[in-house]
Amino acid sequence: RQPVIAFAGRAMPEKGVDVLCAALPYVLDAHPDWRAVLMLNDWDDHARWAARHVAPLEKYGDRVEVLKGPASVLYGEGALAGVIRDFEPDVVHLASPFVLGWRAIAAARALDLPTVAVYQTDVIAYTRKYAVPYATAFTASHVSRLHRAATLTLAPSSAAMRPASK
């Protein structure tokens, strides 16, 4: 079984696509038997920015597969587990936990794979700032449950992690 690094999320700076694309050459050069799959939704909205970060990965040929398009085209309804299974990853990175997180966690659980969530956007603070009180409670509950369900959650600091761990 060939190790695979899989990323499913939006093709935008806030999701770390540039950092991932910069790091992948080091990983792939160090591990010639590894592959990577980038499932980038919202490609049309971010193509100008994302293309320059994805382009250097072309030198790896079929070791790096980049799927570009809207989430419904990439994943289909209920097909995320099938997409993940086909790429045989060792871990599922929830790059956009708030939007795709539950579907990815469910798919990973069905395949008995660990998940890594990243807490990077304080969505709860946005609901407070824009005075949406009912959305704040729902959002806080959603974020907390999702990050507790993930095998591991990463955050830039312990202070940033507090809202996700409540």
> Which atom pair, heavy atoms only, marks the closest approach of Cys21 to Pro25?
Replying inline: O-CD, 3.0 Å
>> Applying a strict under-4.5 Å side-chain criterion to I, L, V, M, F, W and Y, I'd like to know whether Leu24 and Leu40 cluster together.
In response: yes
> Which heavy-atom pair separates Ala150 from Leu94 by the least distance, and what is that distance?
Replying inline: CB-CD1, 4.4 Å
> For the residue pair Leu28 and Arg63, what are the closest heavy atoms and their distance?
Replying inline: O-NH2, 2.9 Å
> Passes side-chain contact (heavy atoms from CB on, under 4.5 Å), Leu38 versus Leu20? Steps please.
Replying inline: CA-CA 10 Å; Leu38 308 179; Leu20 176 64; 3.5 Å; yes
> How far does NE2 of His53 sit from NE2 of His46, to the nearest 0.5 angstrom?
Replying inline: 12.5 Å
> At what distance, to the nearest 0.5 angstrom, does OG1 of Thr115 lie from CG of Leu152?
Replying inline: 8.5 Å
>> Could you see if Val27 belongs to whatever hydrophobic cluster contains Phe7? Use Ile, Leu, Val, Met, Phe, Trp, Tyr and a side-chain cutoff under 4.5 Å.
In response: yes
>> Can a donor-acceptor pair be found, under 3.5 Å and without considering hydrogens, that links the side chain of Thr151 to the backbone of Pro114?
In response: no
> Is Asp33 close to Pro3 at the side-chain level, that is, under 4.5 Å between some pair of heavy atoms?
Replying inline: yes
> Which atom pair, heavy atoms only, marks the closest approach of Val92 to Ala108?
Replying inline: CG2-CB, 3.9 Å
> Is it the case that one hydrophobic cluster holds both Trp49 and Val66, taking links as side-chain heavy atoms less than 4.5 Å apart, direct or via other members?
Replying inline: yes
> If you take all heavy atoms of Ala50 and Trp43, which pair is closest and at what distance?
Replying inline: CB-CZ3, 3.5 Å
> If you group Ile, Leu, Val, Met, Phe, Trp and Tyr by side-chain heavy-atom gaps below 4.5 Å, do Val17 and Tyr60 land in one group?
Replying inline: yes
> Closest heavy-atom contact between Ala149 and Ile105?
Replying inline: CB-CD1, 3.9 Å
> Distance from Glu65 atom CD to Arg35 atom CZ, nearest 0.5 Å?
Replying inline: 6.5 Å
> According to a 4.5 Å side-chain heavy-atom criterion applied to Ile, Leu, Val, Met, Phe, Trp and Tyr, with indirect links allowed, do Met12 and Met39 form part of one hydrophobic cluster?
Replying inline: no
> Any side-chain heavy atom of His93 sitting closer than 4.5 Å to one from Val118?
Replying inline: yes
> Where does the angle between the aromatic ring planes of His31 and Trp34 fall among parallel (under 30°), tilted (30 to 60°) and perpendicular (over 60°)?
Replying inline: parallel
